[in-house]
Amino acid sequence: MIYLSRKNFISIGSLFLGSSFVDLPQILKAQGNKQQHKALINIFLAGGPPHLDLWDLKPEAPLEVRGVFEPINTNVPGIQICEVFPNLAKRMDKCTIIRSIVGSHGDHASYQCMTGWTPENLKSIGGRPSIGSVVSKLQGPVDPSVPTFIGLAELTQHAPWSDSGTGGFLGASFNPFKPSGDGLDDMILKTEITRLNNKKNLLKGLDNLKRSIDLKQQIRSADTFTEKAFDILTDSKLLNALDLSKIDENTLSNYGNGQPYNFQYDGAPTNNTHLLLAKRLIQAGARVVSLSYGRWDSHGDNFGLVKDHGTKLDQCLSALIDDLEMSGLLDTTTVIVWGEFGRTPKINKDSGRDHWPQVNSALLFGGGMRHGQVIGSTNKLGENAQDRPVHVQEVFSTLYHSLGIDTTQTTLTDTTGRPQYLTEHPVIKELI
């Protein structure tokens, strides 16, 4: 179900229309862009996925390093990935693996995967804005009824894993809209989408809302304005995109639901449906959707976790590739799959792997880039980048490039009036 704010209608302006979007007067003036827009889906594997058990297996390494999984061939000669990814293996020609990411900060948080920067950078003025917030600032909405930047990450006990990014020094108005996030817990009417699409029910709800608000202080003479805003909400493509009842059973089955949610603990569920929703939100007009998938902090039973999470991820990522391609969105939508750091090459006494910020890895597809390749390598034990180290900010420069933003020319003015470049590293030339 999708809900509207109960506290007051004014809150909708900030929670729904202001967050990573534009303010309500801008919304009412906005014109929908019919052209195919460029977009990004940022899939954060919270907790630090083990690079040696996903994309960078070392079958020749000692047992205490290589683990229990076998590498399998893909449809690109010479590229092998973990056996838990048989469906992705058939689609590797549409993907790129980066095995040599460096510059990871080491925090158990999504911050660097959302901004490209360490948490300390410009912390005194709010920190760096996330990529979704930057895109909201620079490009604005595609459709006036769909937020530019949407965060699907569910609330986690370890809060930094459910951080979808913030506006940083740009301010809270550029935070992502979160359909199930904090501030929307008290959503009004608790009405199913079918009721939201019913004009009579909406008008009745509006009357109830007006009676519950101090009109003099909150709404004053903005009745016409309020009705227009409600029209935006009721006609919104956002509601339809989030309505799973509109999706055929075959599509739902292709993605799977990721249940049961094993190994979740204080992290995110393996919610496969979020990838489907991300695609639908992009199709509806969102430019950036970020989400948190699973809890990969595998200090113990690393291999049981990878088998569970990896098998589910294989299904929904493969379905997303196919879905984007069939929808004509694959060339304009970039998808990145990564976590905050890698994990130790040496397996610990609990059959787990510990934190390893020395090197990280990522999977990318879409965005009209040159795929079917592996970029970079690690040494024989997977300890450090050996060939072609790729800095985290090179990844971000490339993501910005795929969205039509030139990081060598574009700056944002911070709260002190100083221009700030989006990154300090170039694009990954192998992909462009």
Problem - CA sep, side-chain torsions, deciding dist, call: C95, H371, side chain to side chain contact (heavy atoms under 4.5 Å, CB included) - result: CA-CA 5 Å; C95 304; H371 292 300; 5.5 Å; no
Exercise for the section: Could you tell me the separation between the CG atom of L52 and the OG atom of S361, rounded to the nearest 0.5 Å? Expected result: 8.5 Å
Problem - Donor on one side chain, acceptor on other, D301 and S351, under 3.5 Å - result: no
Practice task
Assert yes or no for the condition that the ring centre distance of H108 to F341 is strictly below 6.0 Å.
Solution key: yes
Handout entry: Distance, nearest 0.5 Å, that separates OG of S402 from CG of L40
Key = 6.0 Å
Practice task
Specify the closest pair of heavy atoms between P179 and I150, including all atoms of both residues, with the distance to one decimal.
Solution key: CD-CG2, 4.0 Å
Problem - Main-chain N/O of L324 paired to S327 side chain as donor or acceptor, under 3.5 Å - result: no
Fill in the blank from the handout: Interatomic distance, CZ@R280 vs OG1@T273, rounded to 0.5 Å, equals 11.5 Å
Exercise for the section: Calculate, to the nearest 0.5 Å, the distance between atoms OG and CG belonging to S318 and D323 respectively. Expected result: 12.0 Å
Problem - Closest non-hydrogen atom pair, G342 against N360 - result: N-OD1, 3.7 Å
Exercise for the section: Step through the shown structure and confirm whether more than 12 heavy atoms of other residues, nucleotides or ligands are within 6.0 Å of CD on E249. Expected result: no
Handout entry: pair F149-V289: side-chain heavy atoms closer than 4.5 Å
Key = no
Problem - R99 side chain vs V374 backbone, donor-acceptor pair below 3.5 Å - result: no
Handout entry: Short side-chain to backbone donor-acceptor contact, R388 and G376, under 3.5 Å
Key = no
Problem - Side-chain donor or acceptor of Q264 paired with backbone N/O of G267 under 3.5 Å - result: yes
Problem - R343-S298 side chain donor-acceptor pair, cut-off 3.5 Å - result: yes
Practice task
May I ask you to test the W338-C113 pair for a side-chain heavy-atom distance under 4.5 Å?
Solution key: yes
Practice task
List the steps and the verdict of side-chain hydrogen bond (donor to acceptor under 3.5 Å, both in side chains) for T118 and H105.
Solution key: CA-CA 6 Å; T118 60; H105 181 258; 5.3 Å; no
Exercise for the section: Start with the C-alpha gap between I43 and I41, add the side-chain angles, then the distance that decides, and say whether side chain to side chain contact (heavy atoms under 4.5 Å, CB included) holds. Expected result: CA-CA 6 Å; I43 302 173; I41 299 175; 3.9 Å; yes
Exercise for the section: Say whether W161 and D266, considering side chains only, have a donor N or O and an acceptor N or O under 3.5 Å apart. Expected result: no
Practice task
Would you tell me whether T423 and S397 have side-chain atoms, one donor and one acceptor, within less than 3.5 Å of each other?
Solution key: yes
Exercise for the section: Find out whether W296 and L54 are in side-chain contact, i.e. whether some heavy atom of one side chain is under 4.5 Å from a heavy atom of the other. Expected result: yes
Exercise for the section: Find out whether T96 and L363 are in side-chain contact, i.e. whether some heavy atom of one side chain is under 4.5 Å from a heavy atom of the other. Expected result: no
Practice task
Please check if any side-chain donor atom of N257 sits under 3.5 Å from a side-chain acceptor atom of N272, or the reverse.
Solution key: no
Exercise for the section: Return yes if some donor-acceptor pair links the side-chain N/O of K312 with the main-chain N/O of P260 below 3.5 Å, else return no. Expected result: yes
Exercise for the section: Taking the side chain as every heavy atom from C-beta outward, state whether L291 and F44 have any pair of such atoms under 4.5 Å apart. Expected result: no
Exercise for the section: Quick one: pull up CZ in F365 and CD1 in I336 and give me the separation to the nearest 0.5 Å. Expected result: 10.5 Å
Completion exercise
What one should report as the nearest heavy-atom pair of P129 and V134 is CG-CG2, 3.7 Å
Practice task
With the side chain counted from C-beta on, respond yes when I81 and M92 share a heavy-atom pair under 4.5 Å apart, and no when they do not.
Solution key: yes
Problem - Ring centres under 6.0 angstrom apart (H274, Y293) - result: no
Practice task
State, without any angle test, whether Q315 and N87 hold a side-chain donor-acceptor pair at a distance under 3.5 Å.
Solution key: no
Exercise for the section: Taking the side chain as every heavy atom from C-beta outward, state whether D53 and N302 have any atom pair closer than 4.5 Å. Expected result: yes
Handout entry: Pair N254, T251: side-chain N/O donor-acceptor within cut-off below 3.5 Å
Key = no
Practice task
State whether a side-chain donor-acceptor pair under 3.5 Å links S130 with S133.
Solution key: yes
Problem - Sidechain-backbone polar pair: T411 side chain, Y421 backbone, donor-acceptor under 3.5 Å - result: no
Problem - K38 side chain to T333 side chain, donor-acceptor N/O pair below 3.5 angstrom - result: no
Practice task
Check F174 against S136 and note the closest heavy-atom contact, atom names and distance.
Solution key: CD2-CB, 3.8 Å
Practice task
Spell out, as yes or no, whether a donor-acceptor pair under 3.5 Å connects the side chain of D163 to the backbone of G165.
Solution key: yes
Handout entry: Heavy-atom closest contact (P357 atom, G106 atom, distance)
Key = CB-CA, 4.0 Å
Problem - Check: P345 main-chain N/O paired with R353 side-chain donor or acceptor under 3.5 Å - result: yes
Practice task
Look at atom NE2 of H401 and say whether more than 12 heavy atoms of other residues, nucleotides or ligands are closer to it than 6.0 Å.
Solution key: no
Exercise for the section: Taking atom types as modelled, find out whether D297 and H299 have a side-chain donor-acceptor pair closer than 3.5 angstrom. Expected result: yes
Practice task
Show the numbers, then the answer: is there a side chain to side chain contact (heavy atoms under 4.5 Å, CB included) between I131 and M114?
Solution key: CA-CA 6 Å; I131 188 169; M114 298 299 158; 5.9 Å; no
Practice task
Please determine if R128 forms a cation-pi arrangement with W117, meaning its NZ or CZ atom is less than 6.0 Å from the six-membered ring centre and no more than 45° off the ring axis.
Solution key: yes
Problem - Sidechain N-carboxylate O distance under 4.0 Å for D93, R91 - result: no
Problem - Distance-only polar pair, side chains of E340 and H355, donor-acceptor under 3.5 Å - result: no
Handout entry: Distance-only polar pair, side chains of Q358 and N384, donor-acceptor under 3.5 Å
Key = no
Practice task
Enter the distance from Y265:OH to R295:CZ here, rounded to the nearest 0.5 Å.
Solution key: 7.0 Å
Handout entry: Check: T74 side chain, Q80 main-chain N or O, donor-acceptor pair, under 3.5 Å
Key = no
Practice task
Would you mind reporting whether K346 and L381 have side-chain heavy atoms less than 4.5 Å apart?
Solution key: no
Practice task
Report the C-alpha distance between Q420 and D414 in whole Å, list the side-chain angles of each, state the deciding distance to 0.1 Å, and finish with yes or no for side-chain hydrogen bond (donor to acceptor under 3.5 Å, both in side chains).
Solution key: CA-CA 7 Å; Q420 298 289 346; D414 67 22; 2.9 Å; yes
Handout entry: N42 side chain to S290 side chain, donor-acceptor N/O pair below 3.5 angstrom
Key = no
Exercise for the section: Assess whether side chain to side chain contact (heavy atoms under 4.5 Å, CB included) is satisfied between T334 and L403, documenting all intermediate values. Expected result: CA-CA 8 Å; T334 300; L403 290 163; over 6 Å; no
Practice task
Determine yes or no for a side-chain-to-main-chain donor-acceptor pair under 3.5 angstrom, with D354 supplying the side chain and T344 the backbone.
Solution key: no
Practice task
Determine the minimum heavy-atom distance between A153 and S162, stating which atoms define it.
Solution key: CB-O, 3.6 Å
Handout entry: Flag for H309-T270: side-chain donor and acceptor within less than 3.5 Å
Key = no
